[in-house]
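Working notes, beginning with the structure itself.
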Amino acid sequence: MKGVSRRILAIWLPTLAIDRWRLARGCERGEGADGAPLALVGETAHGPRIEALNAAAFEAGARPGTMLADARALCPSIAVAPADPAGDLDFLEHFALWVRRWGPWSAMDAPDGALVDVSGVAHLFGGEARLLADVARKVSARGLLSRSAIAPTAGAAWALAHHGADGSILAPDVDAEARLANLPAAALRLDGDVLAILRRLGLKRLGDLTTRFGSRDGRDALHRRFRNRRSPAANPLVRLDQLLGKVPEPLLPVVPQEMPLVQRRLAEPIRHRALLDRVLADLALDMARALEGKGEGARRLELGMWKLDGEVLVRTLELAAATREAGHITRLFSEKLDDVDAGFGIELVRLRASWSQPLGLSQGDFEAAAEEHGTSLAACIDRLSVRLGAQAVRRPVPHASHLPERAQRWQPPLEPVPPAQGELAFHQRPLKMLEQAERISVLYATPDGYPKTFRWRGQRHDVVRVEGPERIAPEWWRERSTVRLRDYYRIEDGEGRRYWIYRHGIAGDGRGGAPDWYLQGLCA
């Protein structure tokens, strides 16, 4: 915006995890917030660790990041609830969309904050002070504790919101170095180990960095100390320049994704299947129109039914290809409604497309459509998936692995084949692979020589021709170091039948006893 200085609003939710837990349980402000000691814990390899805690637990001596056993030694009465980092992140994403009421765009400031661009909009609220007051009032009305600040850069706004006075405003014409000099070094958004290094060096405030390392020689000295640290959170010079606006800091805006949704709020609750099918057909037509208006087709649909007793029934449908054919959607959902118990009646039915893809418009041939009585491949796969299960209709695709049993994977039929580099194309593989390699008895002249005779499924086979070996080593990033090598051979018996066998291990490799032999494929 030409002629308008940049203004960034930073909103910090200091007790986001605790507040979200309290809101999810419908607790009052005292319970789970500052009443009895409460900690949210996450599981680690060494036991439960505290992720968040309320004020009462903090005053009792518990700290975030400590093990639960250590916290209970200080506060035996501390209550424990499981943490939900994924839920907190989802809540923060919705919060970042909600705060767009104060600016044209917003960005997440994980794990407990959001940034809003309020450049040129403060006059709509009567000034920046009143804007901050409106932020505090509306966020508090949602049951959240917040601290906010406005500054020309995201780093300065973050520093004031976290370590300055609540509601701080840094004017564009104010000397930022002098205004922020008394803030702690933690205001630079640095990693914990970097902050520990700065404390050992005696750099505890931002003023210590700007006065002692503001000149070129000082910056070079600090640069040599942290020259191997590439990320901004590990380099105090980069963070300091971002805070002062000397280096731009890119922010990723949160873009809302509108999902097509149609619903029917019924005047009279329905209890019979025929009426539910009629409502479903109407919703499918509405959804088809909504998707057509956006030029998209649905890949995943969710049908929600609200009953009078408060229960919500949800049926999910995942399609093989994007579609907006109302009849096809109705037929697929009708097979998922046989077990629906309407109870006292269903008063609301909602259909939502939670996953959609671009689907262009096409001009249909009316005469050809009248003569065509078949169905498309995607529609056939959808019907089979509904009847047999989502995992029952799959197709194999090549996978880059030298081990034959891992050389393919299963995926939905119409999904594109993953890109392959073709580095395994030169290997010859048998026409038929056994589902599991079968052990065979082999007679050979020397432990590391060619097989002479082998017995498989009760029959003896004399080997007349041998090709190989083709050595396949174990995948070191997945297997243990004690896994044995494989030597594969293409052999032919006296009757002209060809087999693909391998020797598991080498005599004297120190990874077991005598090598074992297996048959894994039949050649043409």
Side-chain angles (χ1 to χ4, degrees), residues 259-262 272-288 291 296-305 307 311-343 346 349-359 362 369 372-401 403-420 429 431-438 520-522:
M259 299 180 181
L261 184 146
V262 293
H272 303 289
R273 173 62 185 274
L275 297 177
L276 182 59
D277 289 340
R278 185 181 302 174
V279 174
L280 174 60
D282 293 341
L283 289 177
L285 288 173
D286 294 345
M287 178 59 69
L291 291 171
E296 296 180 348
R299 286 295 305 273
R300 185 186 299 114
L301 292 166
E302 297 176 0
L303 181 67
M305 294 159 284
K307 299 169 58 176
E311 183 182 1
V312 181
L313 304 177
V314 180
R315 297 294 183 269
T316 304
L317 179 65
E318 189 160 331
L319 305 171
T323 183
R324 51 173 175 263
E325 184 182 348
H328 181 54
I329 296 173
T330 303
R331 288 191 296 269
L332 295 178
F333 265 120
S334 62
E335 300 188 13
K336 291 179 171 288
L337 301 180
D338 294 334
D339 59 342
V340 171
D341 182 11
I346 298 174
V349 184
R350 177 179 297 172
L351 181 62
R352 183 170 70 103
S354 58
W355 178 19
S356 61
Q357 291 180 344
L359 182 63
S362 60
E372 183 180 359
H373 300 285
T375 184
S376 64
L377 177 61
C380 178
I381 293 174
D382 290 336
R383 294 178 183 178
L384 292 176
S385 300
V386 171
R387 294 181 181 181
L388 304 178
Q391 301 298 325
V393 185
R394 290 288 186 268
R395 69 162 175 167
V397 294
H399 177 67
S401 177
L403 299 180
E405 60 270 19
R406 296 176 182 169
Q408 70 178 15
R409 291 184 177 180
W410 296 87
Q411 70 174 27
L414 298 184
E415 291 290 332
V417 178
R429 292 294 179 254
L431 181 64
K432 181 179 180 180
M433 299 281 291
L434 301 182
E435 185 175 356
Q436 291 184 354
E438 298 183 10
Q520 195 164 12
L522 304 177

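All of these numbers come straight from a predicted model, not from anything done at the bench. All values below were derived from every heavy atom in this structure, side-chain atoms included, with hydrogens, water molecules and symmetry-related copies excluded. Numbers here are sequence positions counted from 1.
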Please find the pair of heavy atoms, one from [X] and one from [Y], that lie closest to each other, and give the distance.
X    : Y    : result
A321 : L414 : CB-CD1, 4.0 Å
R350 : L283 : N-CD1, 4.4 Å
L313 : E311 : CD2-OE2, 3.4 Å
K336 : T316 : CE-O, 3.2 Å
A322 : L359 : O-CD2, 3.8 Å

Any chance you could measure [X], atom [atom1], to [Y], atom [atom2], to the nearest 0.5 Å?
X    : Y    : atom1 : atom2 : result
L301 : T323 : CG    : OG1   : 9.0 Å
R300 : M259 : CZ    : CE    : 9.0 Å
I381 : L388 : CD1   : CG    : 12.0 Å
L285 : L280 : CG    : CG    : 9.5 Å
R273 : L337 : CZ    : CG    : 5.0 Å
M433 : Q520 : CE    : CD    : 4.5 Å

Would you say [atom1] of [X] has more than 12 non-hydrogen atoms from neighbouring residues, nucleotides or ligands within 6.0 angstrom?
X    : atom1 : answer
R278 : CZ    : no
R395 : CZ    : yes
R409 : CZ    : no

Please test L317 against L303 for side-chain contact (heavy atoms from CB on, under 4.5 Å), starting from the C-alpha separation and ending with a verdict. CA-CA 8 Å; L317 179 65; L303 181 67; over 6 Å; no

With a 3.5 Å cut-off and sequence neighbours excluded, list the donor-acceptor pairs that the side chains of residues 351-358 form with protein atoms.
residue	atom	partner	partner atom	Å
R352	NH2	E302	OE1	2.6
S354	OG	E302	OE2	3.4
S356	OG	E296	OE1	2.8
Q357	OE1	R299	NH1	3.4

Okay, side chain of D382, backbone of L319: is any donor-acceptor separation there less than 3.5 Å? no

Between R394 and W410, is there a donor-acceptor pair closer than 3.5 Å when you use the side chain of the first and the backbone of the second? no

